[in-house]
Protein chains: 2
Amino acid sequence: MSKQDIRVTVDIVILTISGEQLKVLLVKRGAPPFQGQYALPGGFVHNDESLEDAARRELSEETGTEDVYLEQLYSFGDVGRDPRGRVLTVAYYALVPPDRSPLKAGTDAAEANWFPVTKLPPLAFDHRQIIDYAIERIRNKLEYTTVGFELLPQKFTLSELQHLYEVILDKELDKRNFRRKIDALGLVKPLKEMQATGRRPAQLFRFAKSEKRGQG
Amino acid sequence: MSKQDIRVTVDIVILTISGEQLKVLLVKRGAPPFQGQYALPGGFVHNDESLEDAARRELSEETGTEDVYLEQLYSFGDVGRDPRGRVLTVAYYALVPPDRSPLKAGTDAAEANWFPVTKLPPLAFDHRQIIDYAIERIRNKLEYTTVGFELLPQKFTLSELQHLYEVILDKELDKRNFRRKIDALGLVKPLKEMQATGRRPAQLFRFAKSEKRGQG
DNA sequence: CCAAAAGTGTTAGGAGTACACCCATGG
DNA sequence: CCATGGGTGTACTCCTAACACTTTTGG
């Protein structure tokens, strides 16, 4: 067998909700190839860390957040996808609640910004394809899992939850039907607090599963 | 950055239906580590082939079949998963119809055999975990896609289709409800032939989508 | 008092599920 | 004629989808 020479990276599609839009974190590349273009945060996997460890390390470096939802997406390994040579990337996606999505002063990234997924700039490598894949995945998962809650703060209103669904699925939902379904799932509990909203105050809820997410 | 040294393999969960059971192809390892134990077919990715090309090459080497369903499953990259060093594997699964699942005289595999997924021998590496993952994936996909047809010959009876579903989902289905649902999907077309079955002959069907699978 | 988002029920149609008997053939 | 798998219809439940008005607040 001829000697194999493949390098392995992880790239992360970091998603959040902000301003009624689904946004993805992109970093501007400071070096060739694709210098000056935006790309997904990511980097080479170290010899002594698992794929998920590598993904969490990159995530922490970019956003400072540790305890967020992270899931492997797909591996992209076409021969010509990186002009520098043979590079396989294992893509992950992460969901960051809005109260924990400040940008960290980048340790290695020149410039990082949130972009609405509907208005992406030209992207380096095959990263556009990776983002599209991530959005498709979260759309599907939204229908049969509770990943949606990973994009909300600990306390939220039902309208916020509904807007989240509408933004990700890119379609409008009926308010009464939506609330009935959420209620039937038994996954949210009303708090004693209300949220002052400018007009009529809204009931605050929390996700009913065991308190897993950390310091709100 | 310290020099990265990760080797990349593909491993394939090759599934077929035989004798009313879901079976997976395993090869007996001829060399350490895990010498003499069964493992998934697989091997190192060449520098000049994509991941899927590598998977199809391995698939062809093991079974001689070219034109079957193949889908990337997941990438397994824990640090200690291969005692020889750092090896990342990109797992695929393939679905082989029963009329095209003969074993090819292995070019590089010592011994290959089909095992019912319910009676697996001890497996090398983390391959048991990979198989479990593949079964979970196909169970889910069976519910909302047409992958099931990939495990049938071109001509099949509705009873064969139902048994396929029952074996994979590991639960019994109601014959009338099953047929109604299949009919409602409009995905099968009756042929003019019947299948002699020992008792009352059964209507043969074919999958209604554009003739994609090749030489029956 | 007006604008704006919060909140709340009913009805109709479709999908899923439970359930039992006759049919065609080979031996 | 009998054993075996092939083939068929109906009723009930539940989920989904469509649809409009009242409430509470800030300005």
Side-chain angles (χ1 to χ4, degrees), chain A residues 17-21 98 139-146 148 152-153 155-206 208, chain B residues 17-21 98 139-146 148 152-153 155-206 208:
Chain A
I17 297 283
S18 150
E20 305 267 307
Q21 287 187 305
R139 267 186 194 157
N140 289 331
K141 281 221 147 186
L142 207 58
E143 315 251 22
Y144 64 96
T145 71
T146 60
L152 288 177
K155 302 173 183 180
F156 52 86
T157 67
L158 292 183
S159 290
E160 287 169 346
L161 182 60
Q162 182 175 347
H163 290 146
L164 166 69
Y165 273 72
E166 289 178 336
V167 163
I168 295 176
L169 298 178
D170 193 26
K171 68 176 175 191
E172 296 198 345
L173 301 173
D174 181 90
K175 200 187 344 179
R176 284 164 292 188
N177 293 339
F178 181 80
R179 284 165 185 241
R180 188 188 356 265
K181 184 188 279 193
I182 295 297
D183 187 54
L185 291 173
L187 292 172
V188 301
K189 286 192 179 171
L191 300 170
K192 283 165 191 159
E193 304 166 67
M194 305 294 265
Q195 183 169 88
T197 169
R199 305 302 172 192
R200 176 173 175 174
Q203 178 67 55
L204 279 167
F205 291 82
R206 67 174 178 85
Chain B
I17 296 283
S18 150
E20 306 266 308
Q21 287 187 305
R139 269 187 193 157
N140 290 332
K141 281 222 147 187
L142 208 56
E143 316 250 23
Y144 65 97
T145 71
T146 60
L152 288 177
K155 302 173 182 179
F156 52 86
T157 67
L158 293 183
S159 290
E160 286 169 346
L161 182 59
Q162 181 174 347
H163 290 146
L164 166 69
Y165 273 71
E166 290 179 334
V167 163
I168 295 176
L169 298 178
D170 193 27
K171 68 176 175 191
E172 297 200 343
L173 301 173
D174 180 90
K175 199 188 343 180
R176 282 164 295 185
N177 294 338
F178 181 80
R179 283 165 186 243
R180 187 187 0 262
K181 182 188 282 192
I182 295 297
D183 187 54
L185 291 173
L187 292 173
V188 301
K189 287 193 177 172
L191 300 170
K192 283 165 189 159
E193 304 166 66
M194 306 294 266
Q195 183 169 88
T197 168
R199 304 303 170 190
R200 174 174 175 175
Q203 178 67 55
L204 279 168
F205 291 81
R206 68 174 178 83

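All chains are named by letter (A, B, ...) in the order of the sequence lines, taking the proteins before the strands, and each is independently numbered beginning at 1.
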Can you measure E160(A) atom CD to dG7(C) atom P for me and round it to whole angstrom units? 11 Å

Could you check which of dG7(D), dC19(D), dG7(C) has an atom nearest any side-chain atom of N177(A)? dC19(D)

Give the rounded distance in Å between these two atoms: CD of Q162(A) and C1' of dA5(C). 12 Å

Quick check for you: to the nearest 0.5 Å, what is the distance between R179(A) atom CZ and N177(A) atom CG? 12.0 Å

Rounded distance (nearest 0.5 Å) linking atom CD of Q21(A) with atom NE2 of H163(A): 13.0 Å

R176(A) side chain N/O closer than 4.0 Å to the phosphate oxygens (OP1, OP2) of dA18(D)? no

When rounded to whole Å, the NZ to C1' distance for the pair K175(A) and dT16(D) reads 19 Å

NZ of K171(A) versus P of dA18(D): gap in Å, rounded? 10 Å

Along DNA chain D (nearest heavy atom to each residue), the more 5'-positioned of L204(B) and R199(A): L204(B)

Without decimals, in angstroms, what is the distance between Q203(B) CD and dT25(C) C1'? 16 Å

I182(A) has an atom CD1; how far is it from atom P of dT16(D), in whole Å? 11 Å

Q203(B) side chain to T157(B) main-chain N or O, any donor-acceptor pair under 3.5 Å? no

Between dG5(D) and S159(B), is there an OP1 or OP2 to side-chain N/O distance shorter than 4.0 Å? no

Would you kindly give the CZ-to-P distance between R179(B) and dG9(D), to the nearest whole Å? 12 Å

What's the CZ-P distance between F178(A) and dG7(C), to the nearest Å? 13 Å

dG9(C) phosphate, OP1 or OP2: any side-chain N/O from R180(A) under 4.0 angstrom? no

Kindly assign one of parallel, tilted or perpendicular to the pair F178(B) and Y165(B), based on the angle between their ring planes and the thresholds 30° and 60°. perpendicular

